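Report on the following structure.
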Amino acid sequence: MSKKYVFVTGGVVSGLGKGITAASLGRLLKNRGYKVTNQKFDPYINVDPGTMSPYEHGEVFVTEDGAETDLDLGHYERFTDENLTQNSSVTSGKIYQSVIDKERRGDYLGKTVQVIPHITNEIKEKIYSFENTDVDVVITELGGTVGDMESLAFIEAIRQIGLELEKDEVIYIHVTLLPYIYGSNELKSKPTQHSVKELQSFGIKPDVLVCRSEHKMTDDMKEKIALFCNVKKECVIQNLTADNLYAVPLMLEEEGLANVVCKHLNLANSEPNNQAWEKMIENIRNIGDETVKIAIVGKYVRLEDSYLSVAESLRHGGYANNIKVDIKYIDSETITEQNVAEKLADVQGVVIPGGFGTRGIEGKITAIKYVRENNIPFLGICLGMQMAVVEFIRNVCGLEDVDSEEFSPRCENPVIHIMENQKNISRKGGTMRLGAYPCVIKEGTLARKLYGKDEITERHRHRYEFNNKYRDIIEQNGLIISGTSPDGLLVEMVELTKHPFFIAGQFHPEFKSRPDKPQPLFVGLIKAAKKIKK
């Protein structure tokens, strides 16, 4: 079977759910037996979001092979349970960098380098990069909104692919908004019509329209949109707000999205096998009213998408424990010794997530001290593990001037430091350990109990490591090193022996959690938190 290509564009406004639409379609096609991969085009000039503040685009998601990507890749992986790669995240910056590098090498043989064909060809190379893989369907989402100047080269590239391939090898899906006007109490199709007109002006005729709305569409509205936008009525797909994010695939299944795509792409396996996903959604909907409140103590809490994968992983942990999870976001800059008890009074568990920079660090350390002393379940992630070690050595081991080299390069006891083999890498962002690394788990530990295996792999995104000079002192005082790299050189996990649940990892476990395969550390945290009465 030839490769099939699905292109998902968006119109009218951003934030309509193109990523969820692309992820949902991936799940529905996978449930029909097809090997699916997702790809995201982001029009910004940054090479990747790795050096951006989370306030710009939310969290930075990390793939198995170490790509720093847009958070939509997290949605793709959680819905399809397929590990994505560097090829799944493409920015304008990455495209232009590659073209300029080729020009400097003389690859273009003295030609004038232009957007067409050189930039568009580079974009098409990224799309066609899946040709020699076992993937059946490539679903590519274009970030931004049709008409944005930044995305024009991407639009042109996917237009050309529609010409280069057969009609049954390419399909264009356009996600638009149907606003509801309360004065007249009706949905309005005009923004969708204008958005489709804009897309057609660039040479692309959408095959399917996914219409985001808060109110149910009538048949008359579907017929009107089909007529004015030059698509078949069955290709006008309603996308209502769902009661649960993971219910969207089933809702789009009922609307016929996957069947329309299969028909257009001439995919023979049109019968879905959605039973497992349906069972999962049924179980989620049957969770009772019992709730556990978990605090995420971070420095980017003004934008909750900064911790999107952490929040979703907590909810996954709730599904596994048949309990709803109420997430309380606390700005670590606001936590002091005087108010920490009040700030954490109503929570049954605390997560200290990853991050960079000195802002809010002392608040995180104060929160860790409080949960350690008051037996509140705790999960430390990346920086959260590092600060757990700093707090423990300061307040239990009794050493003075204890800190991370990241925040205090000349401190007397740098318990977190950059390892010697990393110090010669000067470019900011170039020193990081990125992607999946193995971890050997010590027998008899909480980590071994949670994972149920002696070796795991988890994804990393950090440049500082635990300083091995302090191994003996923390273990002598009760903070056990429960996970290390296979060669024993890198500390990957620590845990307290005399505590209901106190565990931290140098990695980011949230990147591998799925709604139907919850990550063990989050399952354990929620299970422990259920036992705390508030």
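Atom set for the values below is all heavy atoms of this structure, side chains included, hydrogens, waters and symmetry mates excluded. Because the structure is predicted, anything quoted here is derived from the model rather than measured.
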**Asked** Going through the checks in order, is the side-chain hydrogen bond (donor to acceptor under 3.5 Å, both in side chains) test met by Gln519 and Ser313?
**Response** CA-CA 7 Å; Gln519 209 282 341; Ser313 299; over 6 Å; no

Hey, are [Y] and [X] close enough side-chain-wise for a donor-acceptor pair under 3.5 Å?
{"X": "Glu122", "Y": "Ser98", "value": "yes"}
{"X": "Lys512", "Y": "Thr457", "value": "yes"}
{"X": "Tyr437", "Y": "Gln506", "value": "no"}

Would you mind writing out the side-chain donor-acceptor pairs for residues 244-253 within the sub-3.5 Å range, not counting sequence neighbours?
residue : atom : partner : partner atom : Å
Asn244  : OD1  : Tyr246  : N            : 2.8
Asn244  : ND2  : Tyr319  : OH           : 3.3
Tyr246  : OH   : Glu312  : OE1          : 2.5
Tyr246  : OH   : His316  : NE2          : 2.8
Glu253  : OE1  : Arg32   : NH1          : 3.0
Glu253  : OE1  : Arg32   : NH2          : 3.3
Glu253  : OE1  : Asn274  : ND2          : 2.8
Glu253  : OE2  : Arg32   : NH2          : 2.7

**Message:** Using only atom types and a distance under 3.5 Å, with no angle test, would you say the side chain of Glu82 pairs donor to acceptor with the backbone of Gly26?
**Reply:**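 Not a single qualifying donor-acceptor pair exists.
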
Pair up each side-chain donor or acceptor in residues 146-155 with any protein partner under 3.5 Å, not counting sequence neighbours, and list the distances.
residue : atom : partner : partner atom : Å
Asp148  : OD2  : Thr145  : N            : 2.8
Ser151  : OG   : Asp148  : O            : 3.2

Might you point out which heavy atoms bring [X] and [Y] nearest each other, and give the distance in Å?
{"X": "Tyr76", "Y": "Gly19", "answer": "CE2-O, 3.7 Å"}
{"X": "Leu314", "Y": "Leu525", "answer": "CD2-CD2, 3.8 Å"}
{"X": "Glu59", "Y": "Ser309", "answer": "OE2-OG, 2.5 Å"}
{"X": "Gln39", "Y": "Lys126", "answer": "NE2-O, 3.0 Å"}
{"X": "Phe130", "Y": "Ser88", "answer": "CZ-OG, 4.3 Å"}

**Message:** So that I can tick it off, tell me whether Arg212 and Glu214 are bridged by a salt bridge, with the cut-off set at under 4.0 angstrom between side-chain N and carboxylate O.
**Reply:**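 Yes, charged N to carboxylate O under 4.0 Å.
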
**Message:** Check this for me, if you would: do Glu77 and Arg459 make a salt bridge, where the nitrogen-to-carboxylate-oxygen distance has to be below 4.0 angstrom?
**Reply:**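 Yes, this pair counts.
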
Throw together a table of side-chain donor-acceptor distances under 3.5 angstrom for residues 286-297, partners on residues two or more places apart or in other chains.
residue : atom : partner : partner atom : Å
Asn286  : ND2  : Glu282  : O            : 3.2
Thr291  : OG1  : Asp289  : O            : 3.1
Lys293  : NZ   : Asp346  : OD2          : 3.0

**Prompt:** Would one find more than 12 heavy atoms of other residues, nucleotides or ligands at under 6.0 Å from atom CD of Glu131?
**Reply:**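 Yes, because the 6.0 Å sphere around CD of Glu131 holds more than 12 heavy atoms from other groups.
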
**Asked** Is the CZ atom of Arg359 crowded by more than 12 outside heavy atoms at less than 6.0 Å?
**Response**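 It does: Arg359 CZ has more than 12 such atoms within range.
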
**Item:** Candidate pair Thr218 and Asp220, rule side-chain hydrogen bond (donor to acceptor under 3.5 Å, both in side chains), full reasoning
**Value:** CA-CA 5 Å; Thr218 63; Asp220 287 345; 5.2 Å; no

**Asked** When the ring planes of His462 and His460 are compared, do they come out parallel, tilted or perpendicular, using 30° and 60° as the limits?
**Response**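 The rings of His462 and His460 sit tilted, inter-plane angle from 30° to 60°.
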
**Request:** Give the intermediate values and the outcome of side-chain hydrogen bond (donor to acceptor under 3.5 Å, both in side chains) for residues Gln160 and Lys124.
**Result:** CA-CA 9 Å; Gln160 292 178 19; Lys124 289 192 292 183; 2.7 Å; yes

**Asked** Could Arg159 and Phe202 be counted as a cation-pi pair, given that NZ or CZ must be under 6.0 Å from the ring centre and within 45° of the axis?
**Response**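 Here Arg159 fails the 6.0 Å and 45° test against Phe202.
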
**Asked** Does the side-chain hydrogen bond (donor to acceptor under 3.5 Å, both in side chains) test come out yes or no for Ser89 and Lys94, once each step is laid out?
**Response** CA-CA 9 Å; Ser89 179; Lys94 190 178 288 186; 4.8 Å; no

